[in-house]
There are 2 protein chains.
Amino acid sequence: MAEVAKAAGVSKMTASRVLRDVSGFSEETRDKVMREVERLGYVPNRIAAAFGSEQTSTIIGVSVPFLSSAIFGSVLDSINGALAKFGYQTMIGAHENSAETEEVWIKNILSWRPAGLILSCHSHSATTRELLKAHGIPVVEIWNLNTSPIDMSVGFNHFDCGYEMGEYMLGRGHKRIGYVGADAETPGLGALRRKGFVSALKNASVELTSEEILNDKSGFYAGFYATENLLNRSGVLDAIYYQDDNMAIGGIFYCQSRGISVPEDVGIAGWGSMEAASILPKRLTTTVVSTQALGKTAADALIARVRGEPQEDLVITPTRLAPGNTV
Amino acid sequence: MAEVAKAAGVSKMTASRVLRDVSGFSEETRDKVMREVERLGYVPNRIAAAFGSEQTSTIIGVSVPFLSSAIFGSVLDSINGALAKFGYQTMIGAHENSAETEEVWIKNILSWRPAGLILSCHSHSATTRELLKAHGIPVVEIWNLNTSPIDMSVGFNHFDCGYEMGEYMLGRGHKRIGYVGADAETPGLGALRRKGFVSALKNASVELTSEEILNDKSGFYAGFYATENLLNRSGVLDAIYYQDDNMAIGGIFYCQSRGISVPEDVGIAGWGSMEAASILPKRLTTTVVSTQALGKTAADALIARVRGEPQEDLVITPTRLAPGNTV
DNA sequence: TGTTTATAAGTTACCGGTAACGTTAAAAAT
DNA sequence: ATTTTTAACGTTACCGGTAACTTATAAACA
């Protein structure tokens, strides 16, 4: 910048002012400086800027369970787009549903003095909570609505999603009901939906007949395979609730391959309105969620807090049970 | 750090040495310093570190078309994991298959003085190429093997993938052949596979009978819908090559919904060995690719270059045509 | 014993910006 | 004509580490 300033015949400080577009320079000076910036191909050094102004950087840390998850990918896209628009850079982390991995990542990212963090879908270690509180950095926890957040929480109410689906299935007259999930060792929020689901059944004095929770990651084949296990083990079921749509689709395919009709022989419901469901011959009964809305809301909330604007601590992102033709 | 040093009764410099684990201190001193680090909850300031050591930062920029794409998500996971292991932070960007968006992102990330960049799946603007060459920063271009890369290239040979599939289809006796793609306005590398495919047909004096390239993003429903358009327009086809597996699956479902048998009435092939194909009743004919291998290879290549270790400029990630039961 | 060598520190200057404050000259108010 | 205000700059110090150098101490050696 010193070079640019010298070439433009002004002081470093004036060049800095022009580049940051703060007040204190004339139009004429701006032109002179910008011309030299262009000519010399000057690329500002944000490291020095972040360092010089005792402020935090324009980095925002975003952590998700896996980057390969389609549904979180779409949340990430939405967050990243919203943040980029306001001049923030996204630093990502994949915590793999482990509080330790998350803690390591958080320690790392805090050393970059980020302006804020967006954490998803995991309960944090004690150290993590302390660290974040001590730094007083804006944090949005997303995915599940957390009623006692570190700072802010934007998310779906997974328990209610499950509860609602439980009531719906009972309402359709089902009695022998199963559940299919994944990630047994590192439970995500599917576990919370299951809890809500089971709770709805309990209220009607119905027990979960059987369940199959794999150790694998969720996916089409996991759903296929788990359904096979479940049905082999428990015999006839009226309906099965799946951790998510992809697993439910796998279940539908298993049934199809064995000549089991859906929903006549067994009802199937998922969660998450995932894209794959769009090609099924029957519309999948599921809970519709907007990952776009979630991501944007979370990013906006974080930016508001960073800028010191008023912002609710809790924002629920609505979900809707969409009855299809599979239950 | 000054506080820590003072508390430990050593100089700032010694504390710095301990924290970076470079030589020049005793075990006793390390213990003293580390104890105070723990006690005071010191989190190092990497911004100051990157600034102080005229070096580049430990940030690595990674740009992909979309974060919501399942296949790139898996590449990202693999890259991020490999980079994190070596103490690098990933800054992501989504270029949405636009050279301008990419350019804006690159200018932004360069202001963070990253140690290196991983760019995917897009030809760059002239300004971008100049900027990167001028900065002399290590760059790996991934996804497609680029024979004249800015710096390094790690990828699949998309043209050959298409060519191979073209030959395979001809070998199965198909003559009236169609193509289905997406992203017409912002073509990715599906366009290159199509080119290879068409080229194989041409070599056997076969013209592409018909094609349907949507403006939408690729996906199950896009494949479903595009197949409907294609078949309505061109009547009977022997086989269809799809931009990727997800679209091919959509195509299979369209056929199923209309009572068209695969592969008896029409053959269907995709690309990318995507997870969804695992639940199909028939194994999908496709090209198997390893996104894991690609990501890890790219990250390793970049780190090698950053560290000044010897590293090939071009690394091809092998692909394999996997004949299934759909062609 | 004196000299060399290795190890463990401390000192100083500096990285490239920005905050805070000081200066100047022109415009506005009295 | 003088004072006050304001916009447009310039100066200086500083952010929190690290590189490069210097110094102190102890061990190894001729």
Side-chain angles (χ1 to χ4, degrees), chain A residues 1-37 40-59 87 89 107-115 135, chain B residues 1-37 40-59 87 89 107-115 135 137 308:
Chain A
M1 203 173 73
E3 251 184 82
V4 171
K6 201 171 156 197
V10 298
S11 74
K12 239 172 72 176
M13 196 60 217
T14 300
S16 170
R17 279 192 268 253
V18 169
L19 283 162
R20 282 177 298 147
D21 201 23
V22 298
S23 66
F25 57 88
S26 63
E27 277 308 308
E28 194 191 353
T29 306
R30 161 187 264 137
D31 290 347
K32 273 193 299 187
V33 171
M34 292 314 278
R35 198 156 38 232
E36 295 305 320
V37 164
L40 296 167
Y42 169 73
V43 176
N45 184 335
R46 270 195 225 258
I47 289 188
F51 180 63
S53 74
E54 249 316 61
Q55 315 253 4
T56 50
S57 64
T58 55
I59 292 170
Q89 277 72 38
K107 278 183 180 159
N108 259 308
I109 194 131
L110 281 180
S111 72
W112 285 100
R113 303 292 186 265
H135 276 252
Chain B
M1 203 172 72
E3 252 184 81
V4 171
K6 201 171 155 197
V10 299
S11 72
K12 238 172 72 176
M13 196 60 217
T14 300
S16 169
R17 278 192 269 253
V18 169
L19 284 162
R20 281 176 300 148
D21 201 24
V22 298
S23 66
F25 57 88
S26 63
E27 277 308 307
E28 194 193 353
T29 306
R30 162 187 265 138
D31 289 347
K32 273 194 298 189
V33 171
M34 292 315 277
R35 200 157 37 233
E36 295 305 320
V37 165
L40 297 168
Y42 169 73
V43 176
N45 185 335
R46 270 194 226 255
I47 289 188
F51 179 63
S53 73
E54 245 320 59
Q55 316 255 2
T56 49
S57 64
T58 55
I59 291 170
Q89 277 72 37
K107 279 183 180 159
N108 258 309
I109 194 127
L110 281 180
S111 72
W112 285 100
R113 302 293 185 265
H135 275 254
I137 176 181

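Note: hydrogens, waters and symmetry copies are ignored here, and every other heavy atom, side chains too, is used.
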**side chain to side chain contact (heavy atoms under 4.5 Å, CB included) between B:Trp112 and A:Ile59, intermediate numbers included** = CA-CA 10 Å; B:Trp112 285 100; A:Ile59 292 170; 3.8 Å; yes
**Item:** Smallest separation among heavy atoms of A:Ala15 and A:Met1, with atom names
**Value:** CB-CG, 4.1 Å
**Prompt:** For atom CE of B:Met13, is the number of surrounding heavy atoms from other residues, nucleotides or ligands below 6.0 Å larger than 12?
**Reply:** yes
Please tabulate, one pair per line, each protein N/O and nucleotide N/O from nucleotides 23-27 of chain D that are separated by under 3.5 Å, including the distance.
none

**Item:** Residues from residues 14-28 of chain A lying under 4.0 Å of DNA chain C - heavy atoms
**Value:** A:Ser16, A:Arg20
**Results of salt bridge (Lys or Arg N to Asp or Glu O under 4.0 Å) for A:Arg30 - residues two or more places apart only** = A:Asp21, A:Glu27
**Request:** Work out how much the helix from C:dT1-D:dA30 to C:dT30-D:dA1 bends between its end axes, five pairs an end, to the nearest 10 degrees.
**Result:** 40°
**Item:** Parallel, tilted or perpendicular, as decided by the 30° and 60° cut-offs, for the rings of B:Phe51 and A:Phe51
**Value:** tilted
**Request:** Apply side chain to side chain contact (heavy atoms under 4.5 Å, CB included) to B:Val10 and B:Val18, showing your working.
**Result:** CA-CA 11 Å; B:Val10 299; B:Val18 169; over 6 Å; no
**Request:** Tell me which residues in residues 5-12 of chain B put a heavy atom below 4.0 Å from DNA chain D, sorted by number, or none.
**Result:** B:Lys12
**Message:** Once side chain to side chain contact (heavy atoms under 4.5 Å, CB included) is applied, do any residues pair with B:Ala49, and if so which ones, sequence neighbours excluded?
**Reply:** none
**Item:** side chain to side chain contact (heavy atoms under 4.5 Å, CB included) against B:Ser26, all qualifying residues, sequence neighbours excluded
**Value:** B:Glu28, B:Thr29
**Complete:** Between B:Val43 and A:Arg113 the two heavy atoms that sit nearest each other are O-NH2, 2.9 Å
**Request:** Could you tell me which residues satisfy side chain to side chain donor-acceptor pair (under 3.5 Å) with A:Thr58, sequence neighbours excluded, listed by chain and number?
**Result:** A:Gln89
**Item:** Nucleotides bounding contact with chain B, strand DNA chain C, heavy-atom threshold 4.0 Å
**Value:** C:dA8 to C:dG16
**Item:** Distance in Å, B:Tyr42 OH paired with B:Leu19 CG, rounded so as to fall on 0.5 Å steps
**Value:** 6.0 Å
**Item:** Heavy-atom pair with the smallest gap, counting every atom of A:Ser57 and A:Pro114
**Value:** OG-CA, 3.7 Å
**Fill in**
Hits for side chain to side chain donor-acceptor pair (under 3.5 Å) against A:Arg46, two or more places apart or cross-chain, chain-then-number order -> B:Asn108, B:Ser111
**Complete:** Taking for B:Met13 and for A:Pro44 the nucleotide of DNA chain C with the nearest heavy atom, the one nearer the 5' end belongs to B:Met13
**Asked** Pairs in or reaching into residues 2-12 of chain A: which pass side-chain hydrogen bond (donor to acceptor under 3.5 Å, both in side chains), with residues at least two apart or in two chains?
**Response** A:Ser11-A:Thr14
**Request:** For A:Arg20, enumerate each residue passing the side chain to side chain donor-acceptor pair (under 3.5 Å) test, keeping only those at least two apart in sequence or located in another chain.
**Result:** A:Ser16
